[in-house]
Amino acid sequence: MKKIAEIRELEQKLATKRITVESDDKGVRVTMDGHGTLVDLEIRNDVISRQNSARLEKDITLTVRRADLVVEKLRRRLAKSFLGADE
């Protein structure tokens, strides 16, 4: 039962975490929660007007992937701290 409580606590903690990652040119910003759910996507107006749609799609996709990697590292770190070595 203790492990179940720890897992629930971990899930709650992940739900409250927010990870924000920007594209290299700072034109695209993605925010994900600790579960990897996209909660916000910001695109600067000047980026929309100066980039073609294919480039913008690429920037969004790459930024989301980078955010996903950061979230995965967070999840592993939190799981290790909550569950210990015997996870």
Side-chain angles (χ1 to χ4, degrees):
M1 288 301 238
K2 182 180 177 190
K3 286 290 182 192
I4 292 172
E6 289 175 346
I7 290 170
R8 285 187 181 139
E9 186 179 348
L10 174 60
E11 290 293 320
Q12 290 173 348
K13 190 166 191 121
L14 285 170
T16 63
K17 292 291 184 182
R18 293 292 182 265
I19 306 298
T20 300
V21 176
E22 292 182 323
S23 61
D24 291 338
D25 67 357
K26 310 282 190 237
V28 176
R29 180 183 301 180
V30 233
T31 302
M32 294 181 154
D33 69 13
H35 293 292
T37 302
L38 182 66
V39 294
D40 192 32
L41 171 64
E42 297 175 41
I43 304 169
R44 286 195 346 237
N45 286 335
D46 63 309
V47 171
I48 293 170
S49 63
R50 74 168 193 250
Q51 286 187 1
N52 65 40
S53 62
R55 171 66 193 266
L56 183 56
E57 290 166 2
K58 181 180 175 183
D59 281 352
I60 292 169
T61 301
L62 289 174
T63 306
V64 168
R65 287 181 183 164
R66 286 177 29 202
D68 192 47
L69 291 173
V70 174
V71 168
E72 183 60 30
K73 288 179 186 178
L74 169 70
R75 292 173 65 186
R76 287 181 184 180
R77 189 181 78 235
L78 286 175
K80 186 175 182 179
S81 71
F82 269 82
L83 304 176
D86 62 340
E87 52 182 297

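Partners of Thr63 under the side-chain contact (heavy atoms from CB on, under 4.5 Å) rule, at least two apart in sequence or in another chain, are Val21, Ser23, Val28, Val30. With sequence neighbours left out, Arg18 forms a side-chain hydrogen bond (donor to acceptor under 3.5 Å, both in side chains) with no residue at all. Evaluation of the side-chain contact (heavy atoms from CB on, under 4.5 Å) rule for Asp46 yields Arg44, Arg50 as partners, not counting sequence neighbours. For Asn52, the side-chain contact (heavy atoms from CB on, under 4.5 Å) test picks out Ala54, Arg55, with sequence neighbours left out. With sequence neighbours left out, the side-chain contact (heavy atoms from CB on, under 4.5 Å) criterion links Glu42 to Arg29, Asp40. Shown here are the side-chain hydrogen bond (donor to acceptor under 3.5 Å, both in side chains) partners of Thr20, two or more places apart in sequence or in another chain: Thr31.
In terms of hydrophobic clustering, with Ile, Leu, Val, Met, Phe, Trp and Tyr side chains grouped at heavy-atom distances under 4.5 Å, Leu56 and Leu38 are assigned to a common cluster. Hydrophobic clustering, with ILVMFWY side chains joined whenever heavy atoms are under 4.5 angstrom apart, groups Leu41 together with Val70. Linking Ile, Leu, Val, Met, Phe, Trp and Tyr whenever their side-chain heavy atoms come within less than 4.5 Å leaves Leu69 and Leu74 in two separate clusters.
Between Asp24 and Leu62 there is no side-chain heavy-atom pair separated by less than 4.5 Å. The closest side-chain heavy-atom distance from Val47 to Lys26 is not below 4.5 Å.
Within the model, atoms CG of Asp25 and CG of Asp59 stand 5.5 Å from one another, a figure rounded to the nearest 0.5 Å. Here the CG-OG1 distance, from Asp68 to Thr37, works out to 10.0 Å after rounding to the nearest 0.5 Å.
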Without placing hydrogens or testing angles, list every side-chain donor-acceptor pair under 3.5 Å for residues 7-17, not counting sequence neighbours.
| unit_1 | atom_1 | unit_2 | atom_2 | d |
| --- | --- | --- | --- | --- |
| Thr16 | OG1 | Lys13 | O | 2.9 |

